[in-house]
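Worksheet: the structure to be examined is printed underneath.
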Amino acid sequence: MNARGRFISMEGPEGSGKTTQCARLARRLLAAGREVVALREPGGTPLGEAIRSLLQHDAAGERMAPEAETLLFLASRAHLLGQVVRPALERGAWVVCDRFFDSTIAYQGYGRGCDVEEVIRVNEFAVGGLRPDLTVLLDIDVAAGFDRLAGRNASAGTGNDRFEREDRGFHERVRAGYLELARRWPERIWTINGSRDADALERDIWSRVAHEFGI
Ligand code: T5A
């Protein structure tokens with residue numbers, strides 16, 4: 001499916017360190033002479049960023065049906081694929097994406113309780129068969145992830161978004177859902193212990209990527 005480029009997604013529960021590791025991986029790839037397109041989901045396009053704001057900050061001020069939430073994530077994803085991801089892969093770039101396909105299954109399927117197989121089917125419609133070449137799943141205990149977010153929010157003076165305000169049970173289901181997906185698709189999803197320090201994680205992720213893709 002991917003013409004020439006490579007597509008790597010980073011997944012995990014809140015505070016697992018995806019954003020940090022996406023940035024470090026992108027830097028390593030750039031230093032190795034690759035063109036890198038670093039993205040986040042939802043977002044990555046003006047339409048996607050508008051959808052992100054609706055989803056994260058409850059801008060509409062009303063409770064969102066889980067199905068509506070699912071479809072908004074997928075609308076952002078379908079648009080991002082057409083506008084950015086496919087063209088990048090076709091010209092041989094490396095796409096590093098902070099969350100993708102699996103987030104919707106973990107959060108809206110396992111977390112919200114939408115039927116998981118249905119979520120996979122509509123997700124499939126949005127991505128048209130495109131899958132990451134590699135998905136790094138940063139697994140972390142829910143409480144440890146939230147401790148990190150509390151530290152970050154305290155220093156940045158920000159609060160929790162709509163998802164971070166969900167209860168512990170929701171986030172435990174998301175984490176368990178991710179681990180289930182890693183068992184379902186072991187050839188694509190690589191689980192790594194996200195509670196280790198950021199430098200050690202960066203080294204391990206780079207070593208796996210360099211080995212798997214012959215860099
Ligand atoms: N969502 C998203 C869905 O429900 N369905 C979907 O389909 C999609 C695509 C996105 C939200 O949308 C939901 C999931 C999310 O709730 P977001 O703002 O993008 O929201 O939030 P997250 O993706 O959850 O990202 P966070 O920024 O909250 O956490 P990260 O990216 O996992 O962690 P990071 O790297 O920002 O680090 C958090 C803090 O920990 C420190 C960092 O310095 C930072 O302060 N840190 C570490 N500390 C110790 N050791 C390490 N190894 C560390 N790594 C980072």
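Counting starts at 1 for both ligands and their atoms, in listed order.
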On a heavy-atom basis, I'd like to know which of Phe146, Phe163, Phe73, Phe100 is closest to atom 1 (N) of ligand 1.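 That would be Phe73.
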
From the candidates Met10, Arg148, Gln56, the one that places a heavy atom nearest atom 41 (C) of ligand 1: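 Among Met10, Arg148, Gln56, the closest heavy atom to atom 41 (C) of ligand 1 comes from Arg148.
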
With distance as the sole test, does [X] use its side chain to make a donor-acceptor pair with the main-chain N or O of [Y] at under 3.5 Å?
X: Arg175; Y: Asp139; result: no
X: Arg173; Y: Gly111; result: yes
X: Ser155; Y: Gly151; result: yes
X: Glu49; Y: Pro46; result: no
X: Arg77; Y: Phe100; result: yes

Are the charged groups of [X] and [Y] less than 4.0 angstrom apart, N to O?
X: Arg86; Y: Glu90; answer: no
X: Arg188; Y: Glu212; answer: no
X: Arg112; Y: Glu67; answer: no

For [X], the ligand 1 atoms whose distance to one of its heavy atoms is below 4.0 Å:
X: Gly17; answer: 30 (P), 32 (O), 33 (O), 34 (P), 35 (O), 54 (N), 55 (C)
X: Gln108; answer: 3 (C), 4 (O), 5 (N), 6 (C), 7 (O)
X: Ser16; answer: 32 (O)
X: Arg152; answer: 26 (P), 27 (O), 28 (O), 36 (O), 45 (O)
X: Leu149; answer: 28 (O)
X: Arg52; answer: 17 (P), 18 (O), 19 (O), 20 (O)
X: Thr104; answer: 6 (C), 7 (O)
X: Glu164; answer: 28 (O)

Region of [X] that comes within reach of ligand 1 [heavy atoms, distance under 4.0 Å]:
X: Asp197; value: backbone
X: Glu41; value: both
X: Leu201; value: side chain
X: Glu69; value: neither
X: Gln21; value: neither
X: Arg77; value: side chain

My understanding is that only residues two or more places apart in sequence, or in another chain, count here; which of them pass ring pair (Phe, Tyr, Trp, His ring centres under 6.0 Å) with Tyr110?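 Per chain and number, Tyr110 pairs via ring pair (Phe, Tyr, Trp, His ring centres under 6.0 Å) with no residue.
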
For [atom], which protein heavy atom lies nearest, and how many Å away is it?
atom: atom 55 (C) of ligand 1; result: Thr20 OG1, 3.3 Å
atom: atom 24 (O) of ligand 1; result: Arg99 NH2, 2.9 Å
atom: atom 21 (O) of ligand 1; result: Glu14 OE1, 4.3 Å

Are Arg208 and Trp190 in a cation-pi setup, meaning NZ or CZ lies under 6.0 angstrom from the ring centre and within 45 degrees of the ring axis?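 That pair qualifies as a cation-pi contact.
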
From CA spacing to verdict: salt bridge (charged side-chain N to carboxylate O under 4.0 Å, His left out), Arg131, Glu124: CA-CA 9 Å; Arg131 288 280 196 288; Glu124 191 58 54; 2.9 Å; yes

Would you say Ala198 has any N or O atom under 3.5 Å from an N or O of ligand 1, going by distance alone?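 Yes: some nitrogen or oxygen of Ala198 is under 3.5 Å from one in ligand 1.
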
Once the angle between the rings of Phe163 and Phe73 is folded into 0 to 90°, is it parallel (under 30°), tilted (30 to 60°) or perpendicular (over 60°)?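 Rings of Phe163 and Phe73: tilted, as their planes differ by 30° to 60°.
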
Arg162 to ligand 1, any heavy atom closer than 4.0 Å: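 Under 4.0 Å: no for Arg162.
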
